[in-house]
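First comes the structure, then the notes that go with it.
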2 protein chains.
Amino acid sequence: MVHVHGTLTHGKDSHAELHDHASADAVTSALALLHELGERVTAPRRAVLDALAAEHAHATAEQLAAALPDVHRATVYRTVERLAELGIATSMHTGGGTAYHLAVTPTGHEHLHARCRACDRIVVLPADSLQTAVERLGRARLFRLEPDHSELVGLCEDCASTD
Amino acid sequence: MVHVHGTLTHGKDSHAELHDHASADAVTSALALLHELGERVTAPRRAVLDALAAEHAHATAEQLAAALPDVHRATVYRTVERLAELGIATSMHTGGGTAYHLAVTPTGHEHLHARCRACDRIVVLPADSLQTAVERLGRARLFRLEPDHSELVGLCEDCASTD
DNA sequence: ACGCTACTGCGACTGAGTCGCATCGCACAA
DNA sequence: TTGTGCGATGCGACTCAGTCGCAGTAGCGT
């Protein structure tokens, strides 16, 4: 439950909220990037970015909208879509809709997400897991694979062992 | 009333239809497999498998339903879901819903599908494109990657060159 | 502080996907 | 071949994610 209540990081963000600093930093840099790109920094957008940073896994627009009762559903949908267009967030098609997560990380540590088709959990994988495939396909002029946007599916170790 | 009239690979497929023999064979073996698994072979299922084989790319339940006006929408949805459960078809989450394709191929030539995020086309890739990743993740006990079910996303060569 | 215009809230609308139930017909046995 | 049981289908209403157009609001540059 994100619940970024009325005092939406009002003016100055000196007061660290309930979420950890890493998330706060990510939101800060995302907001800065937003501004640099000529986009307006509004309260709803701050709220969406905050919620996005608070979610450790991917979040769907629907989930975000539920977590942000003060932001209109349509606005959440438009916002995440715009964020994805700008590259501030990345999207991934999962069974229950399109899921988003922040692409901007101050530390810059990238990672991939895979979904277990049995328990539906999201597993974090090393960023370079698909490196060989990317290079091979690129060299063969077949496809410019973008691991961030891909949805890897399979079985997590837990589910695989209980087969 | 289903009424998928006579031209539906009735008994013998001596009359070459609009689709090639490979597709017909795939349908035949899929039907056989269906029977072996204790499932009933019905006219609607034949029709869905036929349509599935005729589609060279992935097809969504919606597309299949549109292509099969005599089969009820709900039946198409239930059928493809069941086929996926049985492993006769594989599913993939794409932007416009869940897409399916036949997993049973008589020739056994497997391949992967990737989606271009720009033109939304499906590109066919060599089956072993992710082999390295599969092995690496498996050896590291991180994830049992199943390339068939994964949705690879990126840019096809056409769109990449017009960037 | 002002004005432009991008962004938001709103609520109706669309269409994919689901569900319960009555009926049908496949598969197997006699 | 006919009979029978139960799984599959047709049906149509229902749910709900996602979209759209419009009017009002508020961010940002001046």
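So that the names make sense, note that chain A is the first sequence line, chain B the second, and so on, each numbered from 1. Computed from a prediction, not measured in an experiment: that's the story for all the values here.
Panel note: side chain Thr79(A), backbone Thr75(A); a donor-acceptor pair is recorded below 3.5 Å.
Between His72(A) atom NE2 and dT19(D) atom P the separation is 14 Å, expressed in whole Å. Per the geometry, CD belonging to Glu36(B) stands 12 Å off P belonging to dC28(C), to the nearest Å. Per the geometry, CZ belonging to Arg45(B) stands 12 Å off P belonging to dG7(D), to the nearest Å. If you measure from atom NE2 of His93(B) to atom C1' of dG17(C), you get 14 Å, rounded to the nearest angstrom. Rounding to whole angstrom units, CG of residue Leu34(B) and C1' of dG7(D) are separated by 12 Å. One interatomic measurement links the two molecules: CD of Glu62(B) to C1' of dG18(D), which rounds to 14 Å at whole-angstrom precision.
Scored by the side chain to side chain contact (heavy atoms under 4.5 Å, CB included) test, Thr94(A) finds Ala99(A), Arg115(A), Glu151(A) as partners (sequence neighbours excluded). Qualifying side chain to side chain donor-acceptor pair (under 3.5 Å) partners for Thr90(A), counting only residues two or more places apart in sequence or in other chains: His101(A). For the salt bridge (Lys or Arg N to Asp or Glu O under 4.0 Å) test, no residue two or more places apart in sequence or in another chain qualifies with Glu135(A). Remark: Ser129(B) pairs with Leu137(A), Leu112(B), Leu125(B), Pro126(B) by the side chain to side chain contact (heavy atoms under 4.5 Å, CB included) rule, at least two apart or across chains. Residues passing the side chain to side chain contact (heavy atoms under 4.5 Å, CB included) test with Glu81(A), sequence neighbours excluded: Glu85(A). In this view, Arg136(A) and Asp128(B) satisfy the salt bridge (Lys or Arg N to Asp or Glu O under 4.0 Å) rule, not counting sequence neighbours. Take Thr98(B) and apply the side chain to side chain donor-acceptor pair (under 3.5 Å) test, not counting sequence neighbours, and it matches His93(B). Shown here are the side chain to side chain contact (heavy atoms under 4.5 Å, CB included) partners of Glu55(B), two or more places apart in sequence or in another chain: Ala59(B).
For the residue pair Ser91(B) and Tyr100(B), the shortest heavy atom distance occurs at CB-CE2, 3.6 Å.
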With the criterion being N/O to N/O and under 3.5 Å, what pairs connect the protein with nucleotides 26-29 of chain D, and how long is each?
{"from": "dG27(D)", "atom 1": "N2", "to": "Arg40(A)", "atom 2": "NH2", "distance (Å)": "3.0"}
{"from": "dC28(D)", "atom 1": "OP1", "to": "Val41(A)", "atom 2": "N", "distance (Å)": "2.8"}

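Only Tyr77(A), Arg78(A), listed by number, bring a heavy atom of residues 77-89 of chain A to less than 4.0 angstrom from any atom of DNA chain D.
No donor-acceptor contact under 3.5 Å links the side chain of Arg73(B) to the base of dG10(D).
Nucleic acid contact class of Ala61(B) (heavy atoms, under 4.0 Å, all strands): none.
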Output a table of donor-acceptor pairs, distance under 3.5 Å, between side-chain atoms of residues 33-41 of chain B and any protein atom two or more places apart or on a different chain; print 'none' if there are none.
{"from": "Glu39(B)", "atom 1": "OE1", "to": "Arg45(B)", "atom 2": "NH1", "distance (Å)": "3.3"}
{"from": "Glu39(B)", "atom 1": "OE1", "to": "Arg82(B)", "atom 2": "NH1", "distance (Å)": "2.8"}
{"from": "Glu39(B)", "atom 1": "OE2", "to": "Arg82(B)", "atom 2": "NH1", "distance (Å)": "3.2"}

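Overall bending of the helix from dA1(C)-dT30(D) to dA30(C)-dT1(D), expressed as the angle between end axes built from five pairs apiece, is 50° (10° steps).
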